[in-house]
Amino acid sequence: MNEIEAQKQYMKKVRKINQNKTFKYTILTMGCQLNENDSEKLCGMLEQMGYERTENQKEADLALFNTCCVRENAEDKLFGKLGELKRLKEEKGVIIAIGGCMMQEKHITDKIKVSYPFVDILFGTHTLHKFPEDLYKALNEKKKIEDVIDIDGEIYEGLPIKRDSHIKASVTIMNGCNNFCSYCIVPYVRGRERSRHPRDIINEIKELAKQGYQEITLLGQNVNSYLRVEREKGIEFDTYEGINSFATLLKAINKIDSIERIRFVSPHPKDFTDDVIEAIATCDKVCKLVHLPLQSGNTKVLKEMNRKYTKEQYLALVEKMKKRIPNLTLSTDIIVGFPGETDDEFEDTLDVVRKVNFEQVYMFIYSRRVGTLGDRMKNQIPEEIKHRRFNKLKTLVEDQIVENNQKYVGTVQKVLVEGESKNNKDLLTGRTDSNKVVIFEGSKDLIGTMQNLKIVSEHMWYLKGEI
Ligand code: 5AD
Ligand code: SF4
């Protein structure tokens, strides 16, 4: 019996222990879209086991956390939540399970065991698929479960999934990372790069297309090195629909009927080969917004970060892409205050931001991560300087957003209508190819369709449109 079949048996056993009654669960997901996709799998397993989701923590019989450890603030959030849950544990014996990236860090699991001994289940990134077994053991044997292993990582197919949306779906295409950027904890907690088989990805997307999904986001820590490790190791792939790289994967997905849009996060600039640029340019469904993490605009800092490109190479890549892909827009990630970064070096980051004119910039203050090279560097930057630089970058970025937004006014944009606007149920909300939110008046029947909207005004974080 394979691992997933075994877990399906555990799902049945949990249902039986619960005497087929419906219990309630809450789930809190921190971090990136890969974690959100993992949470959709956890929800899928829980619902097969007879649990029903609630947003009200007080009614929950099971509370689940899917953690992130990329920056320190996620830790504060988890420990705050655990403090709150202590009372619920005492009052009604809620089952508490914590999983994900943070559980791969020994200093964190040690702290939980000492300071929050009431937690029932701890599981890591490599044992997510074993959640039914862990839950069964916690319920049946009434003991604390710690299921964390440190391996390179494997791929498991066939887990149930409960998706958050009926319109947009995330599909993980590869897992792990081999790059070891010196600030980043991901390679330590998610293991080595490994790609899903093209057949499994294509079948999943064809099934999503049948269910009426319009937009697919391909996920991975380094999507454009899809199948690279396998190619380098000479692992034979019974090439499926001619897919042997990220570019060929994009082309194959582009052919799937009724899928309207394809997005992907995150690529690495060093792996942005010409075939990928060509695929974006020629595949009509691939959105022309590319997220291209910069991290720093200074060549020396980039070297210290182990990013494997220079300021000039990044700018040259952007130029090449802009030339080849009409209507290209770019977004990026930037870290300020990496160890040793001087004011002058930080100016290079501002310079790149000015030159590229990003559509969106995700800005982060450098956060020391135990076990990384960056954490061991001597010349850490004082908090106050990091914050000053962050604010300077934020001002520049916001000015650029206002300027860019103005360019939309008067144009017609193709928008995927996603639902009612959160702040006003009488309005609808959708997104442009470049991922801008557009709010507009229209009938609810339009939800899940593509509409051409005329943009009539701009408001920093959204645009207003008319049919
Ligand atoms: N400190 C701050 N930001 C970080 N990121 C990754 N590691 C750290 C860190 N230690 C940011 C990077 C990455 C994004 C997902 O998170 O910009 O692209
Ligand atoms: Fe972290 Fe760098 Fe890998 Fe991205 S490419 S996950 S930043 S180590």
Side-chain angles (χ1 to χ4, degrees), residues 29-38 67-76 100-102 104-105 108 125 152-153 172-195 217-226 228-229 246 264-272 290-298 301-309 314 330-341 346 349 352-353 358 360-377 380-381 383 385-387 389-390 393-394 397:
T29 307
M30 304 165 185
C32 66
Q33 293 185 58
L34 274 143
N35 249 19
E36 280 169 19
N37 193 227
D38 281 348
T67 61
C68 163
C69 56
V70 165
R71 288 171 296 274
E72 194 176 355
N73 45 14
E75 284 163 25
D76 304 338
C101 293
M102 222 190 272
Q104 296 292 139
E105 297 183 291
I108 300 281
T125 56
D152 282 356
T172 299
I173 62 166
M174 50 109 55
N175 238 309
C177 181
N178 290 356
N179 291 326
F180 291 91
C181 300
S182 56
Y183 50 80
C184 187
I185 193 77
V186 168
Y188 302 92
V189 297
R190 287 261 178 187
R192 297 291 66 73
E193 251 175 60
R194 59 228 179 252
S195 297
T217 302
L218 307 175
L219 301 179
Q221 262 86 30
N222 195 1
V223 280
N224 53 346
S225 66
Y226 175 68
R228 187 190 58 193
V229 174
F246 185 58
F264 56 87
V265 276
S266 282
H268 194 302
K270 79 175 164 58
D271 298 312
F272 226 106
V290 175
H291 183 70
L292 194 64
L294 169 67
Q295 313 299 3
S296 163
N298 177 268
V301 175
L302 285 167
K303 186 150 200 308
E304 297 279 306
M305 286 179 162
N306 194 27
R307 290 291 291 174
K308 303 196 173 77
Y309 52 86
Y314 185 94
L330 290 154
S331 62
T332 200
D333 290 345
I334 291 176
I335 299 175
V336 302
F338 183 76
E341 181 189 67
F346 172 64
T349 298
V352 175
V353 171
F358 295 102
Q360 183 64 263
V361 181
Y362 301 90
M363 298 168 273
F364 306 104
I365 289 177
Y366 172 69
S367 171
R368 291 174 78 161
R369 303 287 73 204
V370 174
T372 61
L373 213 64
D375 186 46
R376 295 197 287 278
M377 291 180 179
Q380 301 288 329
I381 306 292
E383 286 305 312
I385 297 181
K386 288 195 227 174
H387 280 91
R389 287 183 195 157
F390 182 87
L393 174 63
K394 187 162 167 265
V397 167

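First listed ligand is number 1; within each ligand, the first listed atom is number 1. The figures here come from the full heavy-atom set of this structure, side chains too, leaving out hydrogens, waters and symmetry mates.
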Participant: I want to confirm something. Looking only at heavy atoms, which of Pro293, Gly176, Cys181 is nearest to atom 8 (S) of ligand 2?
Facilitator: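 Going through Pro293, Gly176, Cys181 one by one, Cys181 has the nearest heavy atom to atom 8 (S) of ligand 2.
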Participant: Strictly by modelled atom types, are Gln33 and Thr217 linked by a side-chain donor-acceptor pair under 3.5 Å?
Facilitator: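 No, because no side-chain N or O of Gln33 sits under 3.5 Å from a partner of the opposite role on Thr217.
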Participant: Under the side chain to side chain contact (heavy atoms under 4.5 Å, CB included) test against Ile185, which residue among Ser367, Cys101, Cys69 passes?
Facilitator: Cys69
Participant: Please work out, at 4.0 Å between heavy atoms, whether the side chain, the backbone, both, or neither of Ser266 comes within that distance of ligand 2.
Facilitator: neither
Participant: Looking at atom 3 (N) of ligand 1, what's its closest protein heavy atom, distance included?
Facilitator: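 Of every protein heavy atom, Phe364 CB, 3.5 Å lies nearest to atom 3 (N) of ligand 1.
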Participant: Any idea which atoms of ligand 2 are less than 4.0 Å away from a heavy-atom of Tyr183?
Facilitator: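 Contacts of ligand 2 toward Tyr183, numbered from 1: 7 (S).
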Participant: Look at atom 16 (O) of ligand 1 and say which protein heavy atom is nearest, naming residue and atom and giving the distance to 0.1 Å.
Facilitator: Arg71 NH1, 2.8 Å
Participant: Return the CZ to CZ distance between Arg368 and Phe338, rounded to the nearest 0.5 Å.
Facilitator: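 Arg368 atom CZ to Phe338 atom CZ measures 11.0 Å (nearest 0.5 Å).
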Participant: Side chains of Tyr183 and Arg71: closer than 4.5 Å at any heavy-atom pair?
Facilitator: no
Participant: So Ile108 and Glu75, do their side chains get closer than 4.5 Å, heavy atoms only?
Facilitator: yes
Participant: Using a strict cut-off of 4.0 Å, indicate which atoms of ligand 1 neighbour a heavy atom of Arg369.
Facilitator: 10 (N)
Participant: Counting heavy atoms only, which part of Val70 comes closer than 4.0 Å to ligand 1: side chain, backbone, both or neither?
Facilitator: both
Participant: Backbone N or O of Glu193 within a donor-acceptor pair of the Asn178 side chain at under 3.5 Å?
Facilitator: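 Between the backbone of Glu193 and the side chain of Asn178 there is a qualifying donor-acceptor contact (under 3.5 Å).
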Participant: Using a strict cut-off of 4.0 Å, indicate which atoms of ligand 2 neighbour a heavy atom of Asn179.
Facilitator: 5 (S)
Participant: Do the ring planes of Phe264 and Phe272 sit parallel (below 30°), tilted (30 to 60°) or perpendicular (above 60°)?
Facilitator: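 Because their plane-to-plane angle lies in the 30° to 60° range, the rings of Phe264 and Phe272 count as tilted.
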Participant: Specify side chain, backbone, both or neither for Pro293, according to which of its non-hydrogen atoms lie closer than 4.0 Å to ligand 1.
Facilitator: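 Answer for Pro293: neither.
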Participant: By number and element, which atoms of ligand 1 are closer than 4.0 Å to a non-hydrogen atom of Tyr183?
Facilitator: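 Result: 6 (C), 7 (N), 8 (C), 9 (C), 10 (N).
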Participant: Please work out, at 4.0 Å between heavy atoms, whether the side chain, the backbone, both, or neither of Arg368 comes within that distance of ligand 1.
Facilitator: neither
Participant: I want to know whether Phe364 and Phe390 have ring centres closer than 6.0 Å.
Facilitator: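 That pair fails the under 6.0 Å test.
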Participant: Does Thr372 approach ligand 1 within less than 4.0 angstrom via side chain, backbone, both or neither, non-hydrogen atoms only?
Facilitator: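 For Thr372, there is no contact with ligand 1 at all, from either part.
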Participant: Taking all non-hydrogen atoms of both residues, which atom of Arg192 and which atom of Arg194 are closest, and how far apart?
Facilitator: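 So the two residues come closest at O-NH1, 2.5 Å.
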Participant: Against heavy atoms of Gln295, which atoms of ligand 1 measure under 4.0 Å?
Facilitator: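 What qualifies from ligand 1 is 12 (C), 13 (C), 17 (O), 18 (O).
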Participant: Among all protein heavy atoms in this structure, tell me which lies nearest to atom 4 (C) of ligand 1, with the distance rounded to 0.1 Å.
Facilitator: Ile335 CD1, 3.6 Å
Participant: Are Glu341 and Asn298 side-chain neighbours, meaning at least one heavy-atom pair lies under 4.5 Å?
Facilitator: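 Heavy-atom side-chain distance check fails, nothing below 4.5 Å.
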Participant: Taking all heavy atoms of Gly176 and all of Gln221, pick out the closest pair and write down the distance.
Facilitator: N-OE1, 3.2 Å
Participant: Determine whether any heavy atom of Ile365 lies closer than 4.0 Å to an atom of ligand 1.
Facilitator: yes
Participant: Closest heavy-atom contact between Arg389 and Phe346?
Facilitator: O-CZ, 3.1 Å
Participant: What residue and atom, counting heavy atoms only, is the protein's closest point to atom 14 (C) of ligand 1, and at what distance?
Facilitator: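 Minimum-distance protein heavy atom for atom 14 (C) of ligand 1 reads Asp333 OD2, 3.5 Å.
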Participant: Specify whether an N/O/S atom of Cys177 falls short of 2.8 Å from atom 1 (Fe) of ligand 2.
Facilitator: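 Short answer: no, not a single N, O or S atom is under the cut-off.
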Participant: Strictly under 4.0 Å, does any heavy atom of Arg307 approach an atom of ligand 2?
Facilitator: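 Yes, Arg307 has a heavy atom closer than 4.0 Å to ligand 2.
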Participant: Which of the atoms of ligand 2 are close to Gln221, meaning less than 4.0 Å from one of its heavy atoms?
Facilitator: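 Listed by number with element: 6 (S).
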Participant: Under 30°, 30 to 60°, or over 60°: which ring-plane class applies to His291 and Tyr362, parallel, tilted or perpendicular?
Facilitator: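 Aromatic pair His291/Tyr362 classed perpendicular.
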Participant: Of all the atoms in ligand 2, which lie at a distance below 4.0 Å from a heavy atom belonging to Pro187?
Facilitator: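 Atoms satisfying the 4.0 Å criterion: 8 (S).
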Participant: Is there any N or O on Ser367 that sits under 3.5 Å from an N or O of ligand 1?
Facilitator: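 Yes, there is a polar N/O contact under 3.5 Å.
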Participant: Closer than 4.0 Å to some heavy atom of Cys184 - which atoms of ligand 2 meet that?
Facilitator: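 Those qualifying, in numeric order: 1 (Fe), 6 (S), 7 (S), 8 (S).
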